[in-house]
Structure formats: structure tokens, C-alpha cells
Amino acid sequence: MTAAGVPAEVRLAAEGRYLLAVYRRLLGRFGPQGWWPARTPFEVAVGAILTQAVAWANVEKAIAALEAHGLLEPAALLAAPPERLAELIRPAGYFNAKARKLKSFVEFLFARHDGSLERLFAQPLERARRELLGVWGIGPETADSILLYAGGLPTFVVDAYTRRILSRLWADPAAPFLRDYDALRRFFMERLVPDPALFNEYHALLVALGKGVCRKGRPRCADCPLLGLCRFAHEGGGPAVAAR
DNA sequence: GCCCAGGTGGGTA
DNA sequence: TACCCACATGGG
């Protein structure tokens with residue numbers, strides 16, 4: 001029992017139903033997002049690294065350049081000179097840093113898995129995740145994106161949108177699950193069935209909401225599909241109050 | 001011109 | 001642990 005007298009499993013189940021209600025509203029508004037926009041698992045992994053702190057439109061140009069030069073393949077990427085790589089991915093921003101990150105990723109892939117993503121993904125989820133987190137340039141979001149969207153493994157991807165949206169839904173920046181990346185990841189994973197298709201769509205829908213509605217500066221609460229489920233708009237935090 | 005975009009690593013207190 | 005900064009391009 002918790003201090004409030006509610007058994008933990010009851011609270012978790014209730015929060016799980018809440019998260020599913022949020023999911024259904026988002027799906028109803030935005031529809032299936034069709035993530036990840038890539039043709040191969042390796043292209044997903046490359047895109048996951050290139051999209052760090054950058055708009056996807058920029059990444060598309062970099063991916064197209066790599067594709068045009070036959071570099072969307074592990075062995076070719078491994079063999080490419082870093083300066084060459086940097087020049088091709090220039091539109092994705094941070095090109096020197098990201099060229100190094102792509103290199104360290106494929107070097108890891110060959111050192112540990114014979115260059116095969118399939119071998120990486122054949123391991124238990126948390127083991128594969130720990131390995132990816134050991135690669136220079138791959139942090140938790142990039143690791144989870146690769147595992148979920150390239151590997152089809154049931155890990156939940158947390159990003160800036162996820163954190164912003166959840167902090168507004170709860171209207172409590174001090175909520176324990178907002179403390180760090182892993183706490184927020186566990187918040188979803190401990191309350192939802194470990195279904196890769198659900199995690200895939202859920203994260204993509206949070207991005208859709210974060211981009212168009214639950215924006216950083218000025219959220220469009222009056223147009224939000226989560227009205228009624230969100231304390232931020234309900235309890236006077238948001239512009240929705242002024243709008244109604 | 002300014003802000004923001006599907007983060008991460010390194011340094012400092 | 002908790003900030004702060006570098007990393008860089010492109011679109012609104």
C-alpha cells in the first residue's frame with residue numbers, strides 16, 4: 001500500500017488505462033504515422049543518429065546523399081573516410097560530430113556483431129540496449145529508436161516531446177517519472193503491454209502532437225485532442241484557460 | 001534576425 | 001548530481 005492507501009498495482013493499472021486513453025485520442029486525431037520513414041533497418045539506425053537535435057527534413061537530404069554514394073550499407077560506411085562522410089551529411093548539421101558517430105556505430109557493429117544488425121537485435125532487449133549505450137555518440141533516445149524502429153524490439157522511445165507533453169498532462173514538473181530519461185521510459189513500459197507496434201505508434205503520435213499542438217513556446221491547447229485528459233489545460237496552467 | 005528542430009558528450013562546481 | 005556549453009544546418 002502506498003501512503004495514499006492505494007495499492008501500487010491498482011495505481012499502475014489506472015495509469016495504464018489513462019495512457020491508453022491518451023493513445024486512442026492521439027490516434028483518432030492524427031491517424032497512423034507510418035514510422036520509421038526508411039527502407040532498411042540500417043537506414044533507420046543511420047537516420048536515428050543523424051536526426052539528433054535536428055529537423056527530419058535536414059536528415060532526408062543527408063540520407064539521400066549517402067544513398068547516392070552507396071553508403072547506406074555497413075561495410076561501405078565503415079570503409080568511407082570520415083571527411084568524405086562529413087561532407088555528404090553536411091545538411092544534417094553537426095556534420096563532423098555525426099560523421100564520427102556513424103563511424104563509431106559501424107565500428108561497434110563489426111567488432112561485436114560481424115556487421116550485422118540482426119545479430120545485435122537477436123540478443124535480449126536490455127543487453128542489446130546496454131551495448132548500444134556503450135557506443136560513442138549513441139545516447140538513450142538514439143539507442144531506443146534503433147532498437148524499436150530498426151529492430152522491432154519493445155522499448156519505449158523518450159524524447160523532448162514526450163517529456164514536455166507528459167509534464168503538461170500531469171501539470172507537475174516534480175513528478176518522479178519526469179526525473180530522467182529512464183524514469184520516463186519505465187513509466188510507459190511498466191504500464192503498457194510490451195507491444196512494439198504500440199510503442200512505435202505511440203512515440204510517433206507524441207511527436208505529432210508536440211510539433212503541431214503541444215508546442216514549446218505557445219501550446220495550442222484549444223485545438224488539443226487531449227483536452228479533458230490534461231491537467232495543464234484544466235488547472236489554469238495553459239493558454240486553454242484564456243481560450244475558453 | 002531569431003527561434004527551433006525526433007541529442008550527446010565533455011567539462012565544471 | 002546538476003547545470004553549462006559545443007556541435008552546425010535549414011526552415012518558419
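Reminder, nothing fancy here: chain letters follow the sequence lines and each chain counts from 1.
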So what does A/Leu206 hit on the nucleic acid, given a heavy-atom distance under 4.0 Å: a base, only sugar-phosphate, or nothing? nothing

Whole-Å distance, A/Tyr181 OH to B/dG7 C1', equals 10 Å

Taking side chain as C-beta onward, heavy atoms only, is A/Phe199 less than 4.5 Å from A/Asp144? no

Test A/Leu166 against A/Val158 for side-chain contact (heavy atoms from CB on, under 4.5 Å), laying out the working first. CA-CA 11 Å; A/Leu166 266 290; A/Val158 171; over 6 Å; no

For A/Arg164 and B/dC4, give me the distance from atom CZ to atom C1', rounded to whole Å. 10 Å

Just checking A/Val135: base, sugar-phosphate only, or nothing, at a heavy-atom cut-off of under 4.0 Å? sugar-phosphate

So how far is it from A/Lys98 NZ to A/Leu102 CG, rounded to the nearest 0.5 Å? 9.0 Å

More 5' along DNA chain B: A/Gly210 or A/Pro140, using each one's nearest nucleotide? A/Gly210

Going by an N to O cut-off under 4.0 Å, is there a salt bridge joining A/Arg11 and A/Glu15? yes

So A/Lys98, base contact, sugar-phosphate only, or nothing? Heavy-atom distance under 4.0 Å. nothing

Could you give the NZ-to-P distance, from A/Lys211 to C/dG12, as a whole number of Å? 12 Å

Value in whole Å for how far the P atom of B/dA5 lies from NZ of A/Lys216: 4 Å

Can you tell me the pairing partner of B/dG9 across any strand shown, Watson-Crick or G-U wobble, with both distances under 3.5 angstrom? C/dC5

How far does the P atom of B/dC3 sit from the matching atom of C/dC5, given to the nearest Å? 15 Å

Looking at A/Trp136, does any N or O in its side chain come under 4.0 Å of the phosphate oxygens OP1/OP2 on B/dG10? yes

Inspect the contact between A/Glu87 and A/Arg84 and indicate whether a charged nitrogen and a carboxylate oxygen are less than 4.0 angstrom apart. no

I want to check one thing: is the phosphate of B/dA5, taken as OP1 and OP2, less than 4.0 Å away from some side-chain N or O of A/Asn58? no

Searching all strands shown, indicate the nucleotide that pairs with C/dG12 (Watson-Crick or G-U wobble; both distances under 3.5 Å). B/dC2

Any side-chain N or O of A/Thr51 under 4.0 Å from OP1/OP2 of B/dA5? no

When you measure from the side-chain N and O atoms of A/Lys61 to the phosphate of C/dG11, is any distance below 4.0 Å, counting only OP1 and OP2? yes

Expressed in angstrom and rounded to an integer, what is the separation of A/Arg100 atom CZ from C/dA6 atom C1'? 13 Å

Length of the line joining A/Arg90:CZ and C/dC7:P, which is rounded to integer Å: 14 Å

